[in-house]
Amino acid sequence: MKNNSLMFLARRVLRINHSSPTSNWRRYWSTPSTSSPSTNSKLFVAGLSWSVDEKSLKDAFSSFGDVTEVRIMYDKETGRSRGFGFVSFSKEDDASSAKDSMDGKAFLGRPLRISFALEKVRGAPVVVPRITSIEDAAARKN
DNA sequence: GTTGAGCGTT
């Protein structure tokens with residue numbers, strides 16, 4: 001029937017426009033560049049009170065291990081904290097234990113939200129996966 | 001004197 005062939009074509013179009021590019025976009029957002037988030041020794045710390053500075057943040061995390069870097073993002077104009085920052089440990093083990101025990105815990109009146117940081121490096125080339133057309137992949141198979 | 005999810009260089 002005519003409708004059957006139309007549906008067949010429609011399904012193929014949907015597969016081409018949806019399935020493959022979707023997985024490419026997922027990979028773009030979930031794979032920053034280098035290491036996987038689970039092996040990251042840098043923590044993303046949000047939920048900070050606006051009165052928290054880098055010193056008090058480092059003091060709070062130093063009990064879990066060697067803190068190599070503490071960075072809080074400040075507003076460019078007002079100079080006040082933006083409420084989140086990054087804490088690096090020399091050992092991933094310490095970062096992991098610090099995250100486990102500090103995540104959700106209140107710090108200066110606000111509950112902390114901690115997760116492993118994405119490896120964002122200024123000047124690093126952005127890895128954009130090539131959008132491989134499904135026709136090429138299918139043609140290569142044959 | 002304020003606001004409240006988030007992934008970056010003030």
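Everything quoted here is computed from the prediction, not taken from an experiment. Every chain is numbered from 1, with letters handed out A, B, ... down the list of sequences.
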Taking atom P of B:dA5 as reference, at what distance in whole Å does atom CZ of A:Phe44 sit? 12 Å
Given DNA chain B, 5'-ward residue of the pair A:Arg80 and A:Lys76, judged by closest heavy atom: A:Arg80
With distance as the sole criterion, is a donor-acceptor pair present between the side chains of A:Ser56 and A:Asp59 under 3.5 Å? no
With sequence neighbours excluded, what pairs up with A:Ser49 under the side-chain contact (heavy atoms from CB on, under 4.5 Å) test? A:Ser51, A:Val52, A:Leu108, A:Arg110
Pick base, sugar-phosphate or nothing for A:Gly47, based on heavy-atom distances below 4.0 Å to the nucleic acid. base
Sorted by chain and residue number, the ring-ring contact (aromatic ring centres under 6.0 Å, His included) partners of A:Phe84 (sequence neighbours excluded) come out as A:Phe44
Enumerate the residues from residues 106-113 of chain A whose closest heavy atom to DNA chain B is under 4.0 Å, giving them by residue number; use none for an empty result. A:Arg110, A:Arg113
Whole angstrom value for the distance that separates C1' of B:dC7 from CD1 of A:Ile114: 14 Å
For A:Gly79, answer base if it contacts any base atom (sugar-phosphate contacts may also be present), sugar-phosphate if it contacts only those atoms, and nothing otherwise; contact means non-hydrogen atoms under 4.0 Å. nothing
A:Trp50-B:dG4 aromatic stacking (under 5.5 Å, under 30°): yes
State, to 0.1 Å, how close A:Leu43 and A:Phe89 come at their nearest heavy-atom pair, and which atoms those are. CD1-CE1, 3.9 Å
For A:Phe86 and B:dG8, say yes or no: do the ring centres fall under 5.5 Å of each other while the ring planes differ by less than 30°? yes
I need the CD-P distance between A:Glu77 and B:dT3, as an integer number of Å. 19 Å
Partners passing salt bridge (charged side-chain N to carboxylate O under 4.0 Å, His left out) against A:Lys76 (at least two apart in sequence or in another chain): none
Can you name the side-chain contact (heavy atoms from CB on, under 4.5 Å) partners of A:Asp100, sequence neighbours left out? A:Ser96
I want to confirm an ordering. Mapping A:Ala46 and A:Asp75 to their closest nucleotides on DNA chain B, which one lands closer to the 5' end? A:Ala46
A:Ser97: side-chain contact (heavy atoms from CB on, under 4.5 Å) partners, not counting sequence neighbours: A:Phe64
To the nearest Å, give me how far apart CZ (A:Arg82) and P (B:dG8) are. 8 Å
Would you kindly give the CE-to-C1' distance between A:Met73 and B:dG6, to the nearest whole Å? 12 Å
Report which part of the nucleic acid A:Leu43 touches: base, sugar-phosphate, or nothing (heavy-atom distance under 4.0 Å, all strands). nothing
Using whole Å, what does the distance between atom P of nucleotide B:dA5 and atom CG of A:Leu118 come to? 20 Å
